[in-house]
Amino acid sequence: MTERVLGVIGGSGVYAIEDLDDVERLDFDTPWGAPSDALVRGRLNGVRVIFLARHGVGHRLTPGAINYRANIDALKRAGASDVVSLSACGSLREDLPPGTFVLVDQFVDRTSGREKSFFGPGFVAHVSLAEPVCPGLRGALAQACRAVGVPFADRGTYVCIDGPQFSTRAESRLYRAWGCDVIGMTNMPEVRLAREAELPYASVAMVTDYDCWRETDKAVEVGDVLAVLKANAAAARRLLDRLTRDLGPVRTPSPLGIETVLDHAVITPPEARSPEMIAKLDAVAGRILRGGA
Ligand SMILES: CSC[C@H]1O[C@H](OP(=O)(O)O)[C@H](O)[C@@H]1O
Ligand SMILES: Nc1ncnc2[nH]cnc12
């Protein structure tokens with residue numbers, strides 16, 4: 001039996017999970033630097049949960065200043081088996097109004113200058129991102145949304161911009177023309193790194209605004225986002241409560257085999273690997289480095 005340890009990354013408006021039992025604070029350092037804040041470990045409905053506030057408690061970090069590698073490494077190091085991300089986002093579609101939860105299944109990455117991989121010179125690996133989200137987790141989230149009565153879309157494409165500014169109207173319309181459904185600033189490179197760390201990942205993108213593509217609307221401002229965030233955060237808590245009850249403490253493997261992607265991704269043979277990189281990858285690639293199943 002493998003125990004489920006649900007990693008939860010809370011975005012804007014979600015800086016804690018109030019109802020955790022047996023709470024412990026874990027201060028981690030990682031080979032990639034410090035995560036956004038201490039991890040908080042506890043239990044929700046008997047399921048082990050590890051929570052991390054993406055922007056830090058007090059929302060101190062801009063999307064570009066977040067150390068995504070440290071965050072994913074710390075979750076892996078602390079024993080997370082799966083990751084659910086909670087994010088605020090703008091809507092690029094009329095039929096996804098504020099308050100809708102979009103269970104993202106695809107991403108377009110428009111970010112630049114962020115560290116996007118754990119691998120590099122001396123230890124090269126190429127993982128597939130064709131299906132970046134774990135369908136098992138996404139399905140469980142859909143079931144939980146239905147059960148708690150949150151309006152949701154069971155798939156959607158999230159375009160990730162650098163921020164911290166919101167988009168221009170021309171950009172917003174361009175992303176719509178590309179077929180993107182929601183817009184945010186943080187899910188990339190988080191998704192990429194979770195896959196490299198063999199962590200099944202799913203993203204709940206909670207709509208707060210219509211960005212700025214609508215002719216008739218005023219463009220998004222942070223005050224509008226904050227007003228909706230509060231209600232979305234309350235619904236996210238109900239969602240997590242339901243999700244943990246549905247999933248239970250025993251983990252079922254990801255239908256995509258995400259837990260073992262590195263078996264077929266590493267291209268540098270053992271004799272050519274850099275000792276420094278091997279040391280840095282002790283958590284992320286620990287399973288293959290220790291010759292585990
Ligand atoms: C406060 S609106 C902009 C901010 O909110 C989202 O962050 P997160 O995904 O962590 O909820 C968005 O991507 C921006 O960083
Ligand atoms: N319109 C928007 N663009 C980017 N990130 C967002 N987060 C919330 N609303 C957003």
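Start at 1 and go down the list; that is how both ligands and their atoms are numbered. Residue numbers run from 1 in the order of the sequence given. Just so it is clear, the structure is predicted and the values come from calculations on it, not from any experiment.
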**Report entry** Minimum-distance protein heavy atom relative to atom 4 (C) of ligand 1
**Finding:** Ser12 OG, 3.5 Å
Report summary line: A student checking ligand 2 against Thr208 at a 4.0 Å heavy-atom cut-off should list atoms 8 (C), 9 (N)
Query - Heavy-atom side-chain contact between Ser167 and Asp211 under 4.5 Å - result: yes
Query raised in the report: Which atoms from ligand 1 have a heavy atom of Thr186 less than 4.0 Å away?
Result: 7 (O), 8 (P), 9 (O), 10 (O), 13 (O), 15 (O)
**Report entry** Within 6.0 Å of CD in Glu215, more than 12 heavy atoms from elsewhere
**Finding:** no
**Report entry** Residue of the set Arg290, Lys76, Arg77 for which salt bridge (Lys or Arg N to Asp or Glu O under 4.0 Å) holds with Asp282
**Finding:** Arg77
**Report entry** Six-ring centre of Trp213, Arg173 cation under 6.0 angstrom, axis tolerance 45°
**Finding:** no
Report task. Inspect the surroundings of CD1 in Ile267 and state if more than 12 heavy atoms from other residues, nucleotides or ligands are less than 6.0 Å away. Result -> no
Query raised in the report: Just checking, is any N or O donor in the side chain of Thr30 or Lys280 under 3.5 Å from an acceptor N or O on the other one?
Result: no
Query raised in the report: Which protein non-hydrogen atom lies closest to atom 12 (C) of ligand 1, naming both residue and atom, and how far is it?
Result: Met185 N, 3.8 Å
Query raised in the report: Does Tyr68 have its ring centroid less than 6.0 Å away from the ring centroid of Trp32?
Result: no
Report summary line: For Gly11, the ligand 1 atoms with a heavy-atom partner under 4.0 Å come out as 8 (P), 10 (O), 11 (O)
Query raised in the report: How does Asp211 reach ligand 2, by side chain, by backbone, by both or by neither, if only non-hydrogen atoms under 4.0 Å count?
Result: both
Requested in this report: Using heavy-atom distances, let me know which of Met185, Met206, Gln165 sits nearest atom 4 (C) of ligand 2.
Outcome: Met185
Report summary line: So the atoms of ligand 2 within less than 4.0 Å of a heavy atom of Asp209 turn out to be 1 (N), 2 (C), 8 (C), 9 (N), 10 (C)
Query raised in the report: Looking at Val225, which atoms of ligand 1 are within less than 4.0 Å of one of its heavy atoms?
Result: 1 (C), 2 (S)
Query raised in the report: Taking distance alone, with no angle check, do His55 and ligand 1 share an N/O pair under 3.5 Å?
Result: yes
Report task. Between Cys89 and ligand 2, find which residue part has any heavy-atom pair under 4.0 Å and reply side chain, backbone, both or neither. Result -> backbone
Query raised in the report: Among side-chain atoms of Thr111 and Asp162, is any donor-acceptor pair under 3.5 angstrom?
Result: no
Query raised in the report: Going by the atom numbers of ligand 1, which of them fall below 4.0 Å from some non-hydrogen atom of Pro63?
Result: 15 (O)
Report task. Answer with yes or no whether the hydrophobic clustering places Tyr201 together with Val8; edges join I, L, V, M, F, W, Y residues whose side-chain heavy atoms lie under 4.5 Å apart. Result -> no
Report summary line: the protein heavy atom lying closest to atom 10 (C) of ligand 2 turns out to be Gly90 N, 3.4 Å
**Report entry** Nearest-contact summary for atom 5 (N) of ligand 2 - protein heavy atom, Å
**Finding:** Gly184 CA, 3.5 Å
Query raised in the report: Considering only heavy atoms, does Ile183 approach ligand 2 within less than 4.0 Å through its side chain, its backbone, both, or neither?
Result: both
Query raised in the report: Would you say the side-chain atoms of Ser87 and Arg54 include a donor-acceptor pair closer than 3.5 Å?
Result: yes
Query raised in the report: Of all the atoms in ligand 1, which lie at a distance below 4.0 Å from a heavy atom belonging to Gly184?
Result: 13 (O)
Query raised in the report: Under 3.5 Å, is there a donor-acceptor pair linking the side chains of Ser117 and Glu196?
Result: yes
Requested in this report: Tell me which part of Arg54 gets within contact of ligand 1: side chain, backbone, both or neither, using heavy atoms under 4.0 Å.
Outcome: side chain
